[in-house]
Amino acid sequence: MTDKKKPAHSSSTNPYIPKGDGDEAVQAYISAMLGWKGTLGKEIDATVESAFPEVRKQVRWNTPFYGKEDGWFLAMYCYKNYVQITFMTGSSLDPVPPKASKVEGTRYLDIYEDEALDKEQLASWVHQALKLPGQKL
């Protein structure tokens with residue numbers, strides 16, 4: 001018998017979280033991130049909030065999104081061995097986040113268990129993304 005209060009996870013360990021708007025939905029996702037990924041999720045969330053206190057949040061497609069009045073600029077997703085931060089306008093950031101995407105303009109940063117989050121760099125990317133048009137979903 002499974003505990004109905006515990007969220008299920010995909011084979012990649014990404015939490016299955018109901019869609020929702022606001023911080024509460026994103027905090028539910030972060031709380032369901034397994035092990036070290038949960039600690040990293042809290043760091044990512046706190047860094048984004050510190051860089052942009054007015055940030056909009058939502059969970060769609062089992063993914064937390066961060067945005068502003070005209071659209072979304074960042075998301076995160078759990079994979080088996082890493083957490084991926086998605087920068088919707090990443091190809092316009094300096095330096096460009098390291099991992100390319102098939103989606104034009106999008107770039108990724110993968111963070112593994114033994115790597116530290118570069119909070120200063122993440123905050124810089126958030127500040128840069130705020131000057132660019134947000135992405136509609």
Side-chain angles (χ1 to χ4, degrees):
M1 188 162 137
T2 60
D3 183 350
K4 298 224 184 262
K5 293 189 185 232
K6 283 188 172 182
H9 294 81
S10 70
S11 61
S12 70
T13 74
N14 194 56
Y16 290 130
I17 297 295
K19 70 179 182 177
D21 293 321
D23 186 57
E24 187 175 325
V26 170
Q27 295 310 316
Y29 177 94
I30 291 169
S31 294
M33 293 170 79
L34 299 175
W36 65 270
K37 295 174 190 173
T39 302
L40 178 59
K42 289 175 188 174
E43 288 181 64
I44 293 167
D45 185 71
T47 302
V48 172
E49 274 195 358
S50 178
F52 181 46
E54 299 82 27
V55 67
R56 291 178 49 215
K57 299 180 186 182
Q58 74 173 201
V59 172
R60 295 288 185 273
W61 310 289
N62 302 306
T63 303
F65 289 89
Y66 295 82
K68 54 193 179 92
E69 68 283 342
D70 69 345
W72 306 99
F73 59 86
L74 185 141
M76 72 173 134
Y77 193 88
C78 288
Y79 287 93
K80 190 171 188 173
N81 296 315
Y82 60 93
V83 173
Q84 185 171 80
I85 302 175
T86 303
F87 300 92
M88 277 74 157
T89 55
S91 63
S92 298
L93 303 178
D94 182 26
V96 174
K99 189 174 177 183
S101 171
K102 294 178 183 178
V103 178
E104 186 178 340
T106 299
R107 299 289 294 191
Y108 303 111
L109 174 66
D110 296 342
I111 305 172
Y112 292 82
E113 183 173 10
D114 60 347
E115 297 175 342
L117 174 64
D118 185 340
K119 296 174 189 175
E120 189 175 310
Q121 181 61 72
L122 178 57
S124 174
W125 281 329
V126 168
H127 287 292
Q128 292 175 56
L130 294 174
K131 296 174 185 170
L132 300 167
Q135 300 298 303
K136 305 294 183 201
L137 299 179

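The backbone N or O of Gly134 sits less than 3.5 Å from a side-chain atom of Asp70, completing a donor-acceptor pair. Without hydrogens or angle criteria, Thr13 side chain to Tyr79 main chain gives a donor-acceptor distance under 3.5 Å. In this structure, the side chain of Asn14 engages the main chain of Asn62 through a donor-acceptor pair within 3.5 Å. Listed for the Gln84 side chain is no donor-acceptor partner under 3.5 Å among the backbone atoms of Tyr108. A donor-acceptor contact shorter than 3.5 Å links the side chain of Arg107 to the backbone of Pro97. Looking only at distances, no side-chain donor or acceptor of Lys37 sits under 3.5 Å from a matching main-chain atom of Tyr77. Not a single donor-acceptor pair under 3.5 Å links the side chain of Trp61 to the backbone N or O of Lys19.
Residue Leu117 holds its CG atom at 4.5 Å from CD1 of Ile111, rounded to the nearest 0.5 Å. Annotation: the span from Trp72 atom CH2 to Lys136 atom NZ amounts to 9.5 Å, rounded to 0.5 Å. Atom-to-atom distance recorded for Leu74:CG and Gln135:CD is 12.0 Å, nearest 0.5 angstrom. Annotation: the span from Asp45 atom CG to Met33 atom CE amounts to 10.0 Å, rounded to 0.5 Å. How far NZ of Lys42 is from CD1 of Ile30: 8.5 Å, rounded to the nearest 0.5 Å. To the nearest 0.5 angstrom, Met76 atom CE is 6.5 Å from Tyr29 atom OH.
Across all non-hydrogen atoms, the minimal contact from Gly90 to Val96 is O-CG1, 3.8 Å. Considering every non-hydrogen atom in both Pro53 and Ser50, the closest pair reads CD-O, 4.0 Å.
Hydrophobic clustering (ILVMFWY, side-chain heavy atoms < 4.5 Å, transitive): Val83 and Val59 are in one cluster. Trp125 and Ile85 fall within a single hydrophobic cluster, where Ile, Leu, Val, Met, Phe, Trp and Tyr are joined by side-chain heavy atoms under 4.5 Å apart, directly or via other members. Linking ILVMFWY residues whenever their side-chain heavy atoms come closer than 4.5 Å, directly or via other members, places Val26 and Leu40 in the same cluster. In this structure, Met88 is not a member of the same hydrophobic cluster as Val126, with clusters built from ILVMFWY side-chain heavy atoms closer than 4.5 Å.
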### Task
Step by step, work out the side-chain contact (heavy atoms from CB on, under 4.5 Å) result for Phe87 and Leu122.
CA-CA 10 Å; Phe87 300 92; Leu122 178 57; 3.9 Å; yes

### Task
Apply side-chain contact (heavy atoms from CB on, under 4.5 Å) to Phe73 and Phe52, showing your working.
CA-CA 12 Å; Phe73 59 86; Phe52 181 46; 4.2 Å; yes

### Message
Go through it in stages, so that I can follow the logic: the residues are Gln58 and Leu137, the test is side-chain contact (heavy atoms from CB on, under 4.5 Å), and I'd like the CA-CA distance, side-chain angles, deciding distance and then a yes or no.
### Response
CA-CA 11 Å; Gln58 74 173 201; Leu137 299 179; 3.8 Å; yes

### Message
side-chain contact (heavy atoms from CB on, under 4.5 Å) for Arg60 and Asp21? Distances and angles first, verdict last.
### Response
CA-CA 9 Å; Arg60 295 288 185 273; Asp21 293 321; 3.0 Å; yes

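Residues Glu49 and Tyr66 form no side-chain contact, since every pair of their non-hydrogen atoms from C-beta on lies 4.5 Å or further apart. Looking only at side-chain heavy atoms (C-beta outward), Glu54 and Glu69 stay at 4.5 Å or farther from each other.
At a cut-off of 3.5 Å, with distance as the only test, no side-chain donor of Glu43 or Thr39 sits close to an acceptor on the other residue.
Atom NZ of Lys68 has more than 12 heavy atoms from other residues, nucleotides or ligands within 6.0 Å.
Among the candidates His127, Glu120, Gln128, the single residue satisfying the side-chain hydrogen bond (donor to acceptor under 3.5 Å, both in side chains) test with Ser124 is Gln128.
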